[in-house]
Amino acid sequence: RLLPSGLGVKPEVSKDEFFEPLGIEKPVPAFLRSKVPIRNRNISKRDTEMLIRSIWSARAEYIRSEAKQKVVPQAPLSFHEHIFKVLRLKVGNFQNMISEVGMNLMEGCRRYLDDADVEMFKMVV
């Protein structure tokens with residue numbers, strides 16, 4: 001044997017390590033679409049709030065820029081599309097990473113629902 005016993009053997013994966021994928025169908029928001037299990041990063045309350053704050057800030061900037069452009073308004077960007085756009089800017093155009101951050105954000109919202117900012121964000125989403 002080249003490896004000591006126990007090394008090289010995959011440990012059992014707990015259900016808390018991964019989220020079940022929600023699929024890639026149209027009803028699933030783009031920032032949560034995945035066909036493979038998504039890693040649970042157990043993000044902290046601080047990271048959850050920082051991500052929410054960056055999404056709100058980008059949304060305010062989007063609304064300001066739309067107001068400055070005095071052209072015929074297009075269909076406004078839905079909030080789900082906006083979240084997808086913000087996450088894509090943060091992690092790149094990698095759907096697996098976007099869905100990982102998105103799913104962990106939503107899990108953080110579920111966990112820290114007692115915070116008023118998190119609760120408001122969850123209600124909007």
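Heavy atoms only: backbone and side chains are in, while hydrogens, waters and symmetry mates are out. Quick note: residue numbers are just sequence positions, from 1.
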Going from [atom1] on [X] to [atom2] on [Y], what distance comes out if it is rounded to the nearest 0.5 angstrom?
{"X": "Ile98", "Y": "Ile38", "atom1": "CD1", "atom2": "CD1", "result": "11.5 Å"}
{"X": "Ser44", "Y": "Met50", "atom1": "OG", "atom2": "CE", "result": "8.5 Å"}
{"X": "Glu49", "Y": "Cys109", "atom1": "CD", "atom2": "SG", "result": "10.0 Å"}
{"X": "Arg88", "Y": "Ile83", "atom1": "CZ", "atom2": "CD1", "result": "13.5 Å"}

Decide whether [X] and [Y] are clustered together by the hydrophobic rule: side chain heavy atoms of Ile, Leu, Val, Met, Phe, Trp, Tyr closer than 4.5 Å, transitively.
{"X": "Val124", "Y": "Val101", "answer": "yes"}
{"X": "Ile43", "Y": "Phe31", "answer": "no"}
{"X": "Leu77", "Y": "Val86", "answer": "no"}
{"X": "Phe19", "Y": "Val125", "answer": "yes"}

Report yes if the side chains of [X] and [Y] come closer than 4.5 Å at any heavy-atom pair, otherwise no.
{"X": "Asn40", "Y": "Phe18", "result": "no"}
{"X": "Leu105", "Y": "Ile52", "result": "yes"}
{"X": "Phe79", "Y": "Arg59", "result": "yes"}
{"X": "Lys122", "Y": "Glu119", "result": "no"}
{"X": "Leu32", "Y": "His80", "result": "no"}
{"X": "Leu51", "Y": "Leu87", "result": "yes"}
{"X": "Met120", "Y": "Met123", "result": "no"}

Show me the donor-acceptor pairs, under 3.5 Å and distance only, between side chains in residues 90-97 and residues at least two apart or in other chains.
| unit_1 | atom_1 | unit_2 | atom_2 | d |
| --- | --- | --- | --- | --- |
| Gln95 | NE2 | Ala30 | O | 2.9 |
| Gln95 | NE2 | Arg33 | O | 3.0 |

How about CD1 on Ile24, more than 12 heavy atoms from neighbouring residues, nucleotides or ligands closer than 6.0 Å, or not? no

Classify the ring geometry of Trp56 against Phe121: parallel below 30°, tilted from 30° to 60°, perpendicular beyond 60°. perpendicular

Could you walk me through whether Glu107 and Arg110 pass the salt bridge (charged side-chain N to carboxylate O under 4.0 Å, His left out) check? CA-CA 5 Å; Glu107 174 62 17; Arg110 187 194 64 75; 2.6 Å; yes

Cationic N near anionic O, under 4.0 Å, Arg39 to Glu17: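 Judged by the 4.0 Å cut-off on N to carboxylate O distance, Arg39 and Glu17 do not form a salt bridge.
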
Can you give me the closest heavy-atom contact between Pro21 and Ser34, atom names plus distance? CB-O, 3.3 Å

